[in-house]
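This report concerns only the one structure given below.
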Amino acid sequence: MDGVTDHPYRHIQKKYGNPAIVYTEFASVEGICRGATQLLKDFLYDEFQRPIVAQIYGTTAKFFYQTAVLICELGFDGIDINMGCPAKNVAHSGAGAALIKTPELAQEIIRQTQAGVTDWLQGIEITDLPDISPQIAKIVQARHDQLPSMYQKKRAIPVSVKTRVGYDMPVIEEWIPRLLELEPSCIALHGRTLRQQYSGLADWERIGKAALLAAGSATIVLGNGDIDSLETANKRIADYKLDGVLIGRGSMGNPHIFKAPDQNDPSLFSIALEHARLFEQTYQHNERYAFLPMRKNLGWYVRSISNAKEVRSELFQTETSLAVQAILEKHHLL
Ligand SMILES: Cc1cc2nc3c(=O)[nH]c(=O)nc-3n(C[C@H](O)[C@H](O)[C@H](O)COP(=O)(O)O)c2cc1C
């Protein structure tokens, strides 16, 4: 999730919930191929987070090809193409969920991403790519050199798609077969249309239909939308014969959602403090460092306590993990 599932967030989720797979925030292929080095921040991860999938979006097929090579070089375990984002700044350019309206372009984007992986396996190098700036190539090569040796080796990584059930109305029967023609390794389907944004409820009947359309193909289907517990996740998987589900908002301030409850689980407040410390360690040396993006997480961690409003308003003033600790201690949460 953009603005949410950054490197510290994923690390904490993995440590305390152990989801089977995590995705990065999405990064624009146009941005990367036009030299926006700051976007490489979205592709920071540590070995602990594997398997980890890099998610990308855009409209320019040749940039997907080049970014696929870059992602392979960074050692990711998969590449996911976002065809589900409804945000105006994304969909108005024809990217994200707007690609549902241009299936030929969507197919070409998948094809070029797959070709990037294949050509990387066959020896194309990041310095061969016309739109990857020398500065970005240098950063990518440095990160590649830091990878454990098994991830420096070439290996075929899967290309998947995350999408919605339609643009202004559900079009599963037309849209899913168009995707299946390109044999993506996985289709993750959010059960809302672009027009719905996040309103109403995800339509799991349609997600189930998509799973039927993919049955017998090599593509797995993951359902997505409104999962609020492990029980709901398991029920959806069983009811709609899915290969799995993705959990987004339900994980905010609640990494335990991915696993069965255990009385030895640490409290959400101690996790909040650990998250704040990790956020600080990860980014504090950056030129444009700010603690601000961490604060929303703090609000999520304390939302179920009786004086949540008061504690949250104090946490929203913090600039350091030390200040977070002092507030949590003051309210006897640590
Ligand atoms: C703040 C926010 C940012 C999101 N960013 C992304 C994104 O970058 N890529 C993506 O595939 N989906 C993104 N989504 C959509 C979620 O991945 C998910 O499809 C949607 O929230 C429904 O699932 P949920 O009910 O489990 O949250 C975002 C959602 C939210 C709320």
Side-chain angles (χ1 to χ4, degrees), residues 2-3 5-8 10-11 22-82 85 89-90 93 95-96 105 108-161 185 281-289:
D2 186 39
T5 58
D6 56 12
H7 163 55
R10 294 189 310 262
H11 183 97
V22 296
Y23 291 53
T24 65
E25 300 169 80
F26 67 178
S28 156
V29 297
E30 278 83 14
I32 288 171
C33 292
R34 290 184 180 131
T37 47
Q38 77 275 12
L39 287 180
L40 293 179
K41 170 177 153 289
D42 294 339
F43 289 157
L44 269 183
Y45 68 96
D46 58 33
E47 288 303 309
F48 188 61
Q49 294 170 28
R50 289 190 190 279
I52 177 161
V53 173
Q55 196 189 60
I56 46 180
Y57 73 97
T59 54
T60 316
K62 67 175 181 178
F63 291 162
F64 276 88
Y65 173 92
Q66 298 178 57
T67 308
V69 174
L70 177 148
I71 290 169
C72 288
E73 197 69 14
L74 287 172
F76 279 98
D77 300 299
I79 306 177
D80 188 65
I81 304 168
N82 183 299
C85 182
N89 58 340
V90 173
S93 70
L105 176 59
E108 184 56 15
I109 283 173
I110 299 173
R111 214 175 276 123
Q112 288 298 319
T113 309
Q114 291 167 332
V117 176
T118 312
D119 288 358
W120 176 74
L121 277 172
Q122 288 172 1
I124 196 165
E125 308 225 357
I126 186 126
T127 43
D128 299 331
L129 304 170
D131 298 300
I132 298 292
S133 70
Q135 205 189 354
I136 287 191
K138 204 169 144 200
I139 298 170
V140 170
Q141 279 168 330
R143 286 198 200 165
H144 176 86
D145 293 345
Q146 298 288 314
L147 288 170
S149 56
M150 68 178 289
Y151 294 110
Q152 290 193 14
K153 290 201 189 102
K154 304 230 170 199
R155 63 197 173 113
I157 61 167
V159 172
S160 59
V161 173
S185 61
Q281 277 164 25
T282 307
Y283 299 123
Q284 67 187 350
H285 301 298
N286 288 9
E287 237 172 73
R288 294 187 222 161
Y289 171 72

Step-by-step side chain to side chain contact (heavy atoms under 4.5 Å, CB included) determination, V53 to F76
CA-CA 6 Å; V53 173; F76 279 98; over 6 Å; no

Student check: side-chain heavy atoms of [X] and [Y] closer than 4.5 Å:
{"X": "Y65", "Y": "I124", "answer": "yes"}
{"X": "C33", "Y": "I132", "answer": "yes"}
{"X": "I136", "Y": "L40", "answer": "yes"}
{"X": "K41", "Y": "D6", "answer": "no"}
{"X": "F43", "Y": "L70", "answer": "yes"}
{"X": "F64", "Y": "E108", "answer": "no"}
{"X": "C85", "Y": "F26", "answer": "yes"}
{"X": "D77", "Y": "Y151", "answer": "yes"}

Measure the [atom1]-[atom2] distance between [X] and [Y] for me, rounded to the nearest 0.5 Å.
{"X": "T282", "Y": "Q284", "atom1": "OG1", "atom2": "CD", "answer": "9.0 Å"}
{"X": "T24", "Y": "Q55", "atom1": "OG1", "atom2": "CD", "answer": "6.5 Å"}
{"X": "I56", "Y": "D42", "atom1": "CD1", "atom2": "CG", "answer": "12.0 Å"}
{"X": "L39", "Y": "T67", "atom1": "CG", "atom2": "OG1", "answer": "9.5 Å"}
{"X": "E287", "Y": "Q38", "atom1": "CD", "atom2": "CD", "answer": "11.0 Å"}
{"X": "L74", "Y": "Q141", "atom1": "CG", "atom2": "CD", "answer": "10.5 Å"}

Test side chain to side chain donor-acceptor pair (under 3.5 Å), reference Y45, set H11, R50, R143, R10, output is R50

What's the shortest heavy-atom distance between [X] and [Y], and which atoms?
{"X": "A68", "Y": "G116", "value": "CB-CA, 4.1 Å"}
{"X": "Y283", "Y": "P8", "value": "OH-CD, 3.3 Å"}
{"X": "G123", "Y": "D128", "value": "O-OD2, 4.4 Å"}
{"X": "Q49", "Y": "I52", "value": "OE1-CD1, 3.5 Å"}
{"X": "A156", "Y": "V117", "value": "CA-CG1, 4.4 Å"}
{"X": "H7", "Y": "L44", "value": "CB-O, 3.6 Å"}

N/O donor-acceptor pair under 3.5 Å between [X] side chain and [Y] backbone:
{"X": "Q66", "Y": "D131", "value": "yes"}
{"X": "E25", "Y": "G3", "value": "yes"}
{"X": "D145", "Y": "A142", "value": "no"}
{"X": "E30", "Y": "T60", "value": "yes"}
{"X": "R155", "Y": "G75", "value": "yes"}

Evaluate whether atom CD of Q152 has more than 12 neighbouring non-hydrogen atoms of other residues, nucleotides or ligands under 6.0 angstrom away.
yes

Is it true that atom NZ of K154 has more than 12 heavy atoms of other residues, nucleotides or ligands lying nearer than 6.0 Å?
yes

Between E73, E47, K153, which is the residue that forms a side chain to side chain contact (heavy atoms under 4.5 Å, CB included) with L147?
E47

